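Note sheet for the following structure.
Remember, it's 1-based here, ligands and their atoms both numbered in the order they're listed. Owing to the predicted nature of the structure, the values given are computational and were not obtained by experimental measurement.
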Amino acid sequence: MKKVAIIGAGISGLFIANLFKNNSNYEIKIFEKNNLINLDEGYGIQLSVNSVRLLNKIDFHKFQNDKKFNPDKIIFYSNKSQEKFCDLYISDFNSHDCKYTTLKRSDLVSFLKDKIQDLIKTNHSISKVDQQNEKIHLTFENNETFECDYLIISDGVFSKSKNLISNNNTKPRYNNTLAIRGMIPNSSNIIDKKNISLFFGSDFHHVIYPLNPDGDLNFIAIMKYKLSDEELKNYSLFNDNAFIKKVLKNIPQESKKFFDEIKQLKIFPVFVTDHFFEIKKNNIYSIGDAFFAFPPSFAQGASQSIEGAHELFKKIDSNTENSFFEERVKKIKMVNKRSKINQFIFHLSNPLTIFLRNIFLKKLVKNKKFLENYLGKIYR
Ligand SMILES: Cc1cc2nc3c(=O)[nH]c(=O)nc-3n(C[C@H](O)[C@H](O)[C@H](O)COP(=O)(O)OP(=O)(O)OC[C@H]3O[C@@H](n4cnc5c(N)ncnc54)[C@H](O)[C@@H]3O)c2cc1C
């Protein structure tokens, strides 16, 4: 029996653990630095059909229907007037039991954690990785050690494991954007509760989408914002009321109409990866944000984490020589390019370019060939 160690109990680590769990050839352990897996956070996540198809392999289609939602379309709203100007039917990519899904991140994590709870060791932050012969030796900050045949690194965008292996050569970069997140309770009547609403703004966009059939909504905005090195080092800044007020002042006036309704508002900086790092050690792999993190404007981070985890599981389980790294890089490059394009076009501020963008978008959302190329290549 082969021993598999997974570092980090986020979406990618928990999903790959679920895949290995049903295979008696492997014994798995997940090491998580925190003392519990936080399920309080109610913020949302969007899952496109590529990841829902893979989640269904571990029975996501049986997961409580009152905790997930299947929006039909994305409704685009223009900058100044904030009026609806076109729709994109994401449900065109759905199949019978595989539909574009929105839900609370905590509900997804709870679903992923449920069947593997006993395999998770909390309070285990990795501090050393050694490889001798075929075995990999792990040491944790609490001085415990563990020996394994495979090491799967899934400890997120700031991956300490990747830093240990690369001698600190893999730092993520601040994307010059802040994410502003919150929830809009179902009592609100401000917006369509059955679809995803995407509002363009100048150097700013926001998205509101349903989290469940009850009509609870998720709010997420991305704002261009420069931060100094000092500010970036000071994480308490993002809980500081004066700083939050200063950031909120930058929201374009026309986009402010929902702000009174938002609960649990939080601001945090968005970090992305610039370069791919191939781990040139036997049987050590990274997945999820530890592999590569892109701007959130294509809502693909979790879906790609799930796809990558599934590809790695297949590679290890079938013991093939196929290059997990190269295949992943190909797909991630496509997603990263689209995420950057999206952010660029969502944030236009020049009236002429906005006018042209809106004309093109109205045509493109109806152009099947374009949609197949831009979305289908990622979603299928
Ligand atoms: C604003 C924003 C909105 C987003 N919206 C979407 C969306 O709608 N749809 C979508 O698909 N994606 C979205 N994403 C991206 C998505 O959230 C991430 O890509 C995804 O959560 C990555 O999962 P992960 O498991 O790789 O990492 P994480 O979820 O970061 O999990 C890493 C885990 O490792 C643990 N860990 C860290 N260090 C150590 C250590 N030293 N030792 C042990 N454990 C450790 C952490 O505590 C954590 O539990 C969004 C991202 C942002 C920033």
For atom 26 (O) of ligand 1, what's the nearest protein heavy-atom neighbour? Residue, atom name and distance, please.
D289 N, 2.8 Å
Hey, can you tell me if Y225 and F243 have their rings parallel, tilted or perpendicular (30° and 60° cut-offs)?
perpendicular
shortest atom 15 (C) of ligand 1-to-protein heavy-atom contact is with G301 CA, 3.6 Å
Any luck finding a side-chain donor-acceptor pair between D155 and S161 under 3.5 Å?
yes
Option whose closest heavy atom lies nearest to atom 14 (N) of ligand 1, chosen from Q300, Q46, R105:
R105
NZ or CZ of R357 within 45° of F200 ring axis and under 6.0 Å:
yes
Around atom 48 (C) of ligand 1, find the nearest protein heavy atom and jot down its residue, atom name and distance.
E32 OE1, 3.5 Å
Please identify which atoms of ligand 1 are closer than 4.0 Å to at least one heavy atom of I7.
42 (N), 43 (C)
Give a yes or no answer on whether the side chain of S91 reaches the backbone of N94 with a donor-acceptor pair at less than 3.5 Å.
no
Would you mind checking which non-hydrogen protein atom is closest to atom 37 (C) of ligand 1, with the distance to 0.1 Å?
D155 O, 3.4 Å
Checking Q46 against T101: is there a side-chain donor and acceptor pair closer than 3.5 Å?
no
Heavy-atom distances under 4.0 Å decide this one: backbone, side chain, both or neither, for I220 against ligand 1?
side chain
In terms of residue, atom name and distance, what is the protein heavy atom nearest to atom 44 (N) of ligand 1?
K33 N, 3.1 Å
Atom 52 (C) of ligand 1 [closest protein heavy-atom partner, distance rounded to 0.1 Å]:
P296 CB, 3.9 Å
One finds that the ligand 1 atoms under 4.0 Å from a non-hydrogen atom of G10 are 25 (O), 29 (O), 31 (O), 33 (C), 49 (O)
Can you tell which part of S154 has a heavy atom less than 4.0 Å from ligand 1: side chain, backbone, both or neither?
backbone
State whether the number of non-hydrogen atoms from other residues, nucleotides or ligands found under 6.0 Å of F355 atom CZ is greater than 12.
no
With atoms numbered from 1 as shown, which atoms in ligand 1 lie under 4.0 angstrom from a non-hydrogen atom of F268?
1 (C), 53 (C)
Go through F93 and Y100 one step at a time and tell me if the ring pair (Phe, Tyr, Trp, His ring centres under 6.0 Å) criterion holds.
CA-CA 8 Å; F93 295 92; Y100 199 101; 9.1 Å; no
Proximal atoms of ligand 1 relative to A179 (non-hydrogen, under 4.0 Å)
1 (C)
For atom 3 (C) of ligand 1, what is the nearest protein heavy atom, given as residue, atom name and distance?
R181 NH2, 3.2 Å
For atom 6 (C) of ligand 1, tell me which residue out of V207, I45, L112 has the closest non-hydrogen atom.
I45
Please work out whether the ring planes of F63 and F60 are parallel, tilted or perpendicular, with thresholds of 30° and 60°.
parallel
Suppose I only count heavy atoms of A299 and a 4.0 Å limit; which atoms of ligand 1 are within that range?
7 (C), 8 (O), 9 (N), 10 (C), 11 (O)
With a cut-off of 6.0 Å (strictly less than), are more than 12 heavy atoms of other residues, nucleotides or ligands near NZ of K115?
yes
Report the relative orientation of the aromatic rings in F325 and F276; use parallel for angles under 30°, tilted for 30 to 60°, perpendicular for over 60°.
perpendicular
Are any of the N/O atoms in S303 less than 3.5 Å from those in ligand 1?
yes
Residue part near ligand 1, for N34, under 4.0 Å between non-hydrogen atoms
side chain
Transitively linked via ILVMFWY side-chain contacts under 4.5 Å: V129 with F146?
yes
Can you give the donor-acceptor pairs under 3.5 Å from side chains of residues 369-380 to other protein atoms, not counting sequence neighbours?
unit_1: E372; atom_1: OE1; unit_2: R380; atom_2: NH2; d: 2.9
unit_1: E372; atom_1: OE2; unit_2: R380; atom_2: NE; d: 3.0
unit_1: N373; atom_1: OD1; unit_2: K377; atom_2: NZ; d: 2.8
unit_1: Y374; atom_1: OH; unit_2: R338; atom_2: O; d: 3.3
unit_1: Y374; atom_1: OH; unit_2: N342; atom_2: OD1; d: 2.7

Under 4.0 Å from a heavy atom of I11: give me the atoms of ligand 1 that qualify, with their elements.
21 (O), 25 (O)
For S125, which part has a heavy atom under 4.0 Å from ligand 1: side chain, backbone, both, or neither?
both
of all protein heavy atoms, closest to atom 11 (O) of ligand 1 is A302 N, 2.7 Å
Show me which atoms of ligand 1 lie under 4.0 Å from any heavy atom of H124.
42 (N), 43 (C)
Only heavy atoms of G156, strictly under 4.0 Å: list the atoms of ligand 1 that pass.
27 (O), 30 (O), 32 (C)
With a 4.5 Å cut-off on side-chain heavy-atom distances among I, L, V, M, F, W and Y, is there a chain of contacts connecting I345 to I359?
no
Hydrophobic cluster membership, with links at side-chain heavy-atom distances under 4.5 Å among I/L/V/M/F/W/Y: are F324 and Y26 in one?
yes
So is V157 polar-close to ligand 1, meaning N/O to N/O under 3.5 Å?
no
